[in-house]
Amino acid sequence: MTTIYMMCPLSTNDLHRIFENLDKNGDGQVSLEELNWLLERIGVQFSLHELESLLGKPSLDINEFLFFYKSISMQQGDASGENEGGDIREDVGVDGQEDEDEKDLAKAFGVFDLNGDGFISSEELESVLRRLGVLEENSSRDCRTMIRVFDTNLDGLLDFQEFKTMMFQNTIS
């Protein structure tokens, strides 16, 4: 199973905006092709057949899209090692899951590291979040703040370890 890492939990408004951006023909449905386009942008690879098997239908309306996001968010909590009581399980890493999570995280890092220099700048973060329809105009300060919070060496960029800390902070809390 592929774990999806998000920068932070998305609001319903963010999800509505993403849905509207994905719904290119304005029919109130996001096709599997449109959904797959988004998933590929955040580093998650599914075939259309896998998506249809997972979802059981060829398209999603807004409520189904919100439910899909909620399901993914719950899987994030499971993958982070939390059990239903919110405690951290000690068996994370069994059967290579930890290695798989690391690979998924590296793919997600690559999505944001647009120039491939091994660092994520606030400009790169802003560019990717805009493409996903999460950020509105004049939100660059928000991206600088997100970078600053996890930039432990104060170079104004996120390296992979800082990115990893940010992702696990958001999936465990």
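What's counted below: heavy atoms across the whole structure, side chains too, no hydrogens, waters or symmetry copies. What you see is a predicted model, and the numbers here were worked out from it, not measured in a lab.
- Pairs engaging residues 48-60 under the salt bridge (charged side-chain N to carboxylate O under 4.0 Å, His left out) rule: K57-E64 [sequence neighbours left out].
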* To do: Test side-chain contact (heavy atoms from CB on, under 4.5 Å) on L60 and F67 and set out the steps.
  => CA-CA 10 Å; L60 302 176; F67 182 78; over 6 Å; no

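- K164 is not listed as a side-chain neighbour of D159, based on a closest heavy-atom distance of 4.5 Å or more.
- Expressed to the nearest 0.5 Å, how far OG of S53 lies from CG of L48 amounts to 11.0 Å.
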* Take D23 and N25, measure what side-chain contact (heavy atoms from CB on, under 4.5 Å) needs, and give me the verdict at the end. => CA-CA 6 Å; D23 182 16; N25 63 4; 3.0 Å; yes

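- Here the straight-line distance linking atom CD of E124 with atom CG of L129 works out to 11.5 Å at 0.5 Å rounding.
- Through side-chain heavy atoms spaced under 4.5 Å, either directly or across other Ile, Leu, Val, Met, Phe, Trp or Tyr residues, L157 is tied to F119.
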* **Worked check of side-chain contact (heavy atoms from CB on, under 4.5 Å) between E162 and N153** => CA-CA 9 Å; E162 292 165 333; N153 64 2; 3.1 Å; yes

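- Side chains of F19 and L66 form no contact here, defined as non-hydrogen atoms less than 4.5 Å apart.
- Residues L51 and L39 have side chains in contact (heavy-atom distance under 4.5 Å, counting atoms from C-beta outward).
- Side-chain contact between T165 and T152 is absent, with no heavy atoms from C-beta onward closer than 4.5 Å.
- S31 pairs by the side-chain hydrogen bond (donor to acceptor under 3.5 Å, both in side chains) definition with E33, E34, not counting sequence neighbours.
- Across every non-hydrogen atom of V128 and F112, the tightest pair is CG1-CE2, 3.5 Å.
- Atoms CG and CD1, from N13 and I18 in turn, are 11.0 Å apart once rounded to the nearest 0.5 Å.
- Relative ring orientation between F160 and F109 is described as perpendicular, the plane-to-plane angle rising above 60° on a 0-90° scale split at 30° and 60°.
- Side-chain contact check for S127 versus L114: some heavy-atom pair is nearer than 4.5 Å.
- Atoms CD1 and CD, on I62 and E20 in that order, are 7.5 Å from each other to the nearest 0.5 Å.
- Distance check, rounded to the nearest 0.5 Å: SG of C143 to CD1 of I120 gives 11.0 Å.
- To the nearest 0.5 Å, atom CG of residue L125 and atom CG of residue D113 are 11.5 Å apart.
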